[in-house]
Amino acid sequence: MHIGVCKIRLRIPDSQSLKAKRRVIKSLVDRLKNRFNIAIAEVEALDAHQFAVLAAVSVSNDVAHLNKLISHVIAFVEKNVDAELVDYETEFFF
């Protein structure tokens with residue numbers, strides 16, 4: 001069993017309130033869950049209006065599959081128009 005974890009840092013330039021930020025994050029999280037069948041949640045910067053940190057996790061018996069899946073998740077987030085990808089970190093546990 002292999003576990004892939006990706007920590008995604010986002011900037012939400014148009015957000016002026018936590019309500020606006022949560023709208024953007026909820027939409028992105030729901031789309032990622034539905035499209036890639038991953039577990040994902042906001043884990044840091046909960047009170048910041050224009051920044052968010054998400055953690056995406058998947059489990060597989062194939063490391064190559066996990067790596068490909070996380071690459072697709074990052075590509076999807078980069079194409080998102082409501083939030084800008086600032087940075088991401090990926091870890092694999094074997």
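Here the structure is a predicted model, which is why all the values come from computation and not from measurement.
Residues Leu32 and Val77 have side chains in contact (heavy-atom distance under 4.5 Å, counting atoms from C-beta outward). Two residues are said to be in side-chain contact when any heavy atoms from C-beta on lie closer than 4.5 Å; Leu28 and Phe76 meet this criterion.
Not counting sequence neighbours, the partners of Lys7 by the side-chain hydrogen bond (donor to acceptor under 3.5 Å, both in side chains) test are Glu44.
Sorted by first and then second residue, the pairs that involve residues 75-94 and meet salt bridge (charged side-chain N to carboxylate O under 4.0 Å, His left out), not counting sequence neighbours, are Arg9-Asp87, Arg9-Glu89, Arg11-Glu84.
Across all non-hydrogen atoms, the minimal contact from Ala20 to Gln16 is CB-N, 4.4 Å. Shown here for Val5 and Phe93, the closest heavy-atom pair between the two residues is CG2-CE1, 3.8 Å. Closest of all the heavy-atom pairs between Arg31 and Asn80 is NH2-OD1, 3.2 Å. Here the closest heavy-atom approach between residue Ser17 and residue Ser15 is recorded as O-OG, 2.9 Å.
Atom CD1 of Ile8 sits about 9.5 Å away from atom OH of Tyr88, to the nearest 0.5 Å. In this structure, CD1 in Ile12 is found 9.5 Å from CZ in Phe51, a value given to the nearest 0.5 Å. Distance CG/Leu46 to CG/Leu18: 9.0 Å, rounded to 0.5 Å. For the atom pair Leu66 CG and Ser60 OG, the distance stands at 4.5 Å (nearest 0.5 Å). Interatomic distance, SG of Cys6 versus CD1 of Ile70, reported as 5.5 Å (0.5 Å rounding).
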Would you sort out whether Leu10 and Val53 count as a side chain to side chain contact (heavy atoms under 4.5 Å, CB included), showing the intermediate values? CA-CA 6 Å; Leu10 301 171; Val53 180; over 6 Å; no
Kindly indicate, with the supporting measurements, whether the criterion side chain to side chain contact (heavy atoms under 4.5 Å, CB included) is fulfilled by Asn61 and Met1. CA-CA 5 Å; Asn61 59 355; Met1 175 177 68; over 6 Å; no
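In the hydrophobic clustering of this structure, Leu85 groups with Val24; members are Ile, Leu, Val, Met, Phe, Trp, Tyr whose side-chain heavy atoms approach within less than 4.5 Å, directly or through other members.
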Please list every donor-acceptor pair under 3.5 Å in which a side-chain atom of residues 33-43 meets a protein atom from a residue at least two apart or in another chain.
unit_1	atom_1	unit_2	atom_2	d
Asn34	ND2	Asp30	O	3.2
Glu42	OE2	Lys21	NZ	2.8

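Put simply, the side chain of Ser71 gets close to the backbone of Asn67: a donor and an acceptor are under 3.5 Å apart.
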